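Please read the structure below before turning to the comments.
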There are 2 protein chains.
Amino acid sequence: MFFYWLSRLYRGLSSPTGRTTPLVWGSLSRNLVLSSQRRIPEFSSFVARTNTCGELRSSHLGQEVTLCGWIQYRRQNTFLVLRDFHGLVQVVIPQDEKMPTGEIEIKVKTAELLNSCKKLPFEIKDFVKKTEALRLQYRYLDLRSFQMQYNLRLRSQMVMKMREYLCNLHGFVDIETPTLFKRTPGGAKEFVIPSREPGKFYVLPQSPQQFKQLLMVGGLDRYFQVARCYRDEGSRPDRQPEFTQIDIEMSFVDQTGIQSLIEGLLQYSWPSDRDPVVVPFPSMTFAEALASYGTDKPDTRFGMKIVDISNVFRNTEVRFLQDALSKPQGTVKAICIPEGAKYLKRKEIESIRKLAADHFNQEVLPIFLKANQNWNSPVAKFIMEEERLELIRLMEIHEEDVVLLTAGEHRKACSLLGKLRLECADLLEARGVVLRDPALFSFLWVVDFPLFLPKEENPRELESAHHPFTAPHPSDIQLLYTEPEKVRSQHYDLVLNGSEIGGGSIRIHNAELQRYVLAALLKEDVKLLSHLLQALDSGAPPHGGIALGLDRLICLVTGAPSIRDVIAFPKSFRGHDLMSNAPDSIPPEELKPYHIQVSWPADSETEKSPLDHPHHPES
Amino acid sequence: MFFYWLSRLYRGLSSPTGRTTPLVWGSLSRNLVLSSQRRIPEFSSFVARTNTCGELRSSHLGQEVTLCGWIQYRRQNTFLVLRDFHGLVQVVIPQDEKMPTGEIEIKVKTAELLNSCKKLPFEIKDFVKKTEALRLQYRYLDLRSFQMQYNLRLRSQMVMKMREYLCNLHGFVDIETPTLFKRTPGGAKEFVIPSREPGKFYVLPQSPQQFKQLLMVGGLDRYFQVARCYRDEGSRPDRQPEFTQIDIEMSFVDQTGIQSLIEGLLQYSWPSDRDPVVVPFPSMTFAEALASYGTDKPDTRFGMKIVDISNVFRNTEVRFLQDALSKPQGTVKAICIPEGAKYLKRKEIESIRKLAADHFNQEVLPIFLKANQNWNSPVAKFIMEEERLELIRLMEIHEEDVVLLTAGEHRKACSLLGKLRLECADLLEARGVVLRDPALFSFLWVVDFPLFLPKEENPRELESAHHPFTAPHPSDIQLLYTEPEKVRSQHYDLVLNGSEIGGGSIRIHNAELQRYVLAALLKEDVKLLSHLLQALDSGAPPHGGIALGLDRLICLVTGAPSIRDVIAFPKSFRGHDLMSNAPDSIPPEELKPYHIQVSWPADSETEKSPLDHPHHPES
């Protein structure tokens, strides 16, 4: 019902239109018939109107109604189309007693002009194209579009259903946690807030991680929160400095429990006009995801998986394959692009090879399989018949397919082919091939991540793959003391159509183990977390949780091109509010109570010009 | 059902107890009987337990259950009491086959110790008194108390009901607004956040006021949000630097509409174990509240109203009354304390007189009415018999009552007597008189506030009584251009038991009027609000809204002594998180990306010692 109204609105908004001026309309007919049936929700309770503009049907004929809305269209001061965000309705100002045609029309008794409207920077019609910078500058007008109304109303509905599921069906407690907190170890991306005490700062936390674990210690054994989080990553496209997560934590739970909870949550809150969510979601280890998709967030809506073809080439005469296989962890990998020869032009294949060379410093060999089952490739003549047949069998290669082959260290080769797989999918879809059905929602759990990764700046030191509170995999606990880099974690990611929409873990609940991980393995300053370690020592229950990225999830559900389209007042990619012009200057005397002053940089240090990023919405 | 479990927990926690160690318990009986009836909410879905510790009854006899909880009490390794936040249950470790007594008991099949527990700084028993500083330092232990569990779970329930009412019953849209915003005019209490652009700062907004008005312009005509708000007021008892409000805005609404909405909201979300909320709430003008209660937030649970007795003394011979009445706006006012002579000692009356003299620079005259209907007062002999009788009639004075009389300018006299009225109520209740029934919830709308107030530092200039977006009262619009100080506003406050729990207004939706108020009357820099003025010029609908202070409301509903008791992780009155030690120092190199440095004050400027406030929770 709700979305039906919105779709009426959508069609209506595409009609020719004039200024948008809010009005109250009243009408009277000779026969007053009042319907006693109430609709839930009641969109007209407490306000001046009796009905929304999208609600009236012939069953209302003869009723007296009061409408409030914007003038969408006016003809000869006789006919008007009145608009609100539920729909459109035609109004007639009586000239004589002739009854107009049409299913219903509203005959005006009194009309009051509530406000007038200056010339707008763009007309409120969905087909009028505007730049994103203009949309963000006049966000209050952009919000009147069908798409923004739909996105924000759907978001509200989905979050409400999630709350019903968690609170009413499963006994979770909605608890607010502070956003004025302190620096966490390694929290270099946290905004700082000077306090009135000299040199003392709050920070805006990246997540309620510590608080939700402390709530478990405090016996609030089923917590959730729709939590505002903050991350200062500078300029990053499609990231927001503040974002929202569905934050969940439970005591006495294991990985399976959290996964069932989330599957049920998404199933329950999923919009009813979409295909229902099928549970349980499939699961894949991190190792498998890397080997088959070259990423920890595989898009499983289509195939083109990575195949390890090292064994085919054990006795190859091709020099660069020989070289690769002679190194430790050396592999030969390939993906097969179905009908690639039909859709991909030579210049596209060349751009793919260039991408591999420029970004990955790696060579990619394209092989075209011709109708006569012969290879068309620079190295074709060096490939033995036996190898060719084995490759065709292994990779299920058909006529007109293209194979992209690379050689190198396992992780690097997979990662490269994973990127090329997505690149090729884009190219094929640009040619009209439907690989990724937009109506399809393909959920996937990725599990068994490594607990630690080598530090980029110093690979002999370890850092947490996710965060230092993640519990090790029960089978790998002994490895912590011998080969910590081999320990798998109890972390799990939820992936939807190739985007990570959530992640969580079973946490360490033993204070000794937590201290060992922090101090001995990660070399962190344990003092910063003394309150958490003390809490674990106070009878902390086993616990675990998850956080879903709400903005990204709604973005995928609505099919919006950017998370900015599912946030009422987003920041631009450079972190600006283009409407109000935040952030802004503050006079030095107003900084005094906070004991800070601005260190003005020398000219050379100033920020890059926004012209560096012509494709992004920035004034 | 829910609260019944909690009350069992409460009694249980008062029993003698040992360490608190989480355990999983399993049991097996010979006859396995499984109940197929599901309880909603399901508190044991997705986790290792089958039941909570508070749930088992004799109807479960014979079932196999798995419990998780903390050991509350242990005797001879045979009997244990297991605790969680739903209740307590006795567990017996079988020594022989003798069946124990009691309604039910759990016979252990397997038991697993999940974590151990070091010596705690205080025992988890409600009767153990702790200082608030200790409670805040070990908040994760304090949260285990009956009262904190009750408060936080009730808060979650009430907010959920509010959401159901707004979203599901009345079609409101839950929309998140940014917390990284820019300075608003006069926003001196806003925290600042340095950005990566030199000299540019975000601020944390005091409320989503501007955003919710912009949403109305954007056609999201029924908005609500459970909004985190920020106000930096330095050290203030019972205030928090971050707090939560139920934030609401509607288009095409008037004051009555908002009031009905809120009355319905509170009625719907009110806890079922309290007396139901009676609607509509009574209403009182600001002028009447000041005249009768000396405050804009009258506690209407009891009488002792202020009475204007100026006319009684028009021909008085008492000099100080003569003097007061000869001045413009001079009045004589009094309150009558029923049975005051019985309960108030002379030293208490003296302390009241001293309070008036010290804080209000004003004299208060106490008059005791003795059994023989004679006055007992320094001025008694100057009061004529006629005046005496008129006073007794006007104020309904009875034997043993005490009258407190003062003279002076109307507002000052009322304000003083308003304070004394509450002071006397405290004194009478300390003597055992029940004036304010703790089970009584007395709601009141206060309306018709002045739109402007004279500035304290320069009384010839005006400032907004609430905020500059408040619409003037329709009957007073012409006064805006002639005598703006006389204009009443369309602001309304919601008062509960003498505390302001909400406030809102119908807003200005006409850009010209808004510009006039900001520039001509308030002398504000209009540029800071140009986006809002432009939005009003774009066909803004008439709109209005309200915000309820959630922390204060839950505090009153639960009867908690402080809002810190209804917040999971509150700050101390000096804004410190005593558990994690926020705010904290940050190394200068981490401030560099934000182009700020600390201005260290000279020694003399450093903050006062916390010992200045010995009664407040601060380490």
Side-chain angles (χ1 to χ4, degrees), chain A residues 20-22 41-43 45-48 68 85 114 117-118 140 143-144 153 156 160 167 169-171 173-175 178 180-182 191 193 195 198-202 214 217-219 242 252-253 257 260-261 531 535 537 539 541-542 568-569 579-580 582-584 586 595-599 601, chain B residues 20-22 41-43 45-48 68 85 114 117-118 140 143-144 153 156 160 167 169-171 173-175 178 180-182 191 193 195 198-202 214 217-219 242 252-253 257 260-261 531 535 537 539 541-542 568-569 579-580 582-584 586 595-599 601:
Chain A
T20 58
T21 302
E42 292 187 76
F43 285 100
S45 45
F46 312 116
V47 295
C68 299
F85 297 91
L114 294 169
C117 179
K118 296 215 168 151
Y140 46 88
L143 289 176
R144 293 182 188 169
R153 287 172 192 266
S156 168
M160 187 64 202
C167 233
L169 299 188
H170 292 289
V173 187
D174 178 7
I175 299 173
L180 298 176
F181 192 43
K182 70 178 245 182
F191 287 102
I193 305 169
S195 77
K200 297 286 176 91
F201 292 80
Y202 298 107
L214 291 167
V217 181
E242 51 184 320
F252 309 116
V253 74
S260 306
L261 169 81
H531 53 286
D537 256 336
F569 300 100
M579 181 184 67
S580 73
D584 206 354
I586 288 192
H595 312 282
I596 57 164
Q597 54 187 351
V598 176
S599 329
Chain B
T20 57
T21 300
E42 291 186 78
F43 285 100
S45 44
F46 312 115
V47 295
C68 299
F85 298 91
L114 294 168
C117 179
K118 295 215 166 150
Y140 48 86
L143 289 176
R144 294 181 186 170
R153 287 171 192 265
S156 169
M160 187 65 203
C167 233
L169 300 188
H170 293 288
V173 187
D174 178 6
I175 300 174
L180 297 177
F181 193 42
K182 69 178 246 181
F191 287 102
I193 305 169
S195 77
K200 298 287 177 90
F201 293 80
Y202 298 106
L214 292 168
V217 180
E242 52 183 319
F252 311 115
V253 73
S260 305
L261 169 80
H531 55 286
D537 257 336
F569 299 100
M579 181 184 68
S580 74
D584 205 355
I586 288 194
H595 311 281
I596 56 165
Q597 54 187 338
V598 176
S599 330

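Keep in mind the model is a prediction, meaning the values are calculated, not measured. A note on names: the letters A, B, ... follow the listed sequences, proteins ahead of strands, and every chain is numbered from 1.
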With sequence neighbours left out, write down each residue that passes side chain to side chain donor-acceptor pair (under 3.5 Å) with S580(A), or none if nothing qualifies.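 Only D577(A) meet the side chain to side chain donor-acceptor pair (under 3.5 Å) criterion with S580(A).
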
Can you name the closest pair of heavy atoms from [X] and [Y] and give their distance?
X: S45(B); Y: H170(A); answer: OG-ND1, 2.6 Å
X: V173(A); Y: R153(B); answer: CG2-NH1, 3.8 Å
X: R144(B); Y: G539(A); answer: NH2-O, 3.5 Å
X: M579(A); Y: H531(B); answer: O-CB, 3.4 Å
X: S156(A); Y: D174(B); answer: OG-N, 2.9 Å

Under a 4.5 Å heavy-atom cut-off, does chain A meet the side chain of S260(B), its backbone, both or neither?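 Both parts, backbone and side chain.
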
Please identify, among L169(A), V253(A), I175(A), the residue contributing the most non-hydrogen atom pairs under 4.5 Å to chain B.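 Looking at each option in turn, the highest pair count goes to L169(A).
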
Among the listed options G171(A), A582(A), G219(A), the residue most often paired with chain B at heavy-atom distances under 4.5 Å: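 With the most close heavy-atom pairs to chain B, the winner is G219(A).
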
Using the side-chain contact (heavy atoms from CB on, under 4.5 Å) rule, take Q597(B) and H595(A) through it: C-alpha gap first, then chi angles, then the decisive distance, then the call. CA-CA 8 Å; Q597(B) 54 187 338; H595(A) 312 282; over 6 Å; no

Separation between CD1 of I586(A) and CZ of F201(B), rounded to the nearest 0.5 Å: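 With rounding to 0.5 Å, CD1 (I586(A)) is 6.0 Å from CZ (F201(B)).
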
Please rank I596(B), D584(B), V598(B), L214(B) by heavy-atom pairs under 4.5 Å with chain A and give me the top one.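 Of the options given, most contacts go to D584(B).
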
Pairs of heavy atoms under 4.5 Å with chain A: top-ranked of C167(B), S195(B), G199(B):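 Top count of heavy-atom pairs under 4.5 Å with chain A: G199(B).
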
Using the six-membered ring wherever Trp is involved, compare the ring planes of F191(A) and Y202(B) and label them parallel, tilted or perpendicular (cut-offs 30° and 60°).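 F191(A) vs Y202(B) ring planes: perpendicular.
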
With sequence neighbours excluded, tell me which residues meet ring pair (Phe, Tyr, Trp, His ring centres under 6.0 Å) with F569(A).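 Applying ring pair (Phe, Tyr, Trp, His ring centres under 6.0 Å) to F569(A) gives F211(B).
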
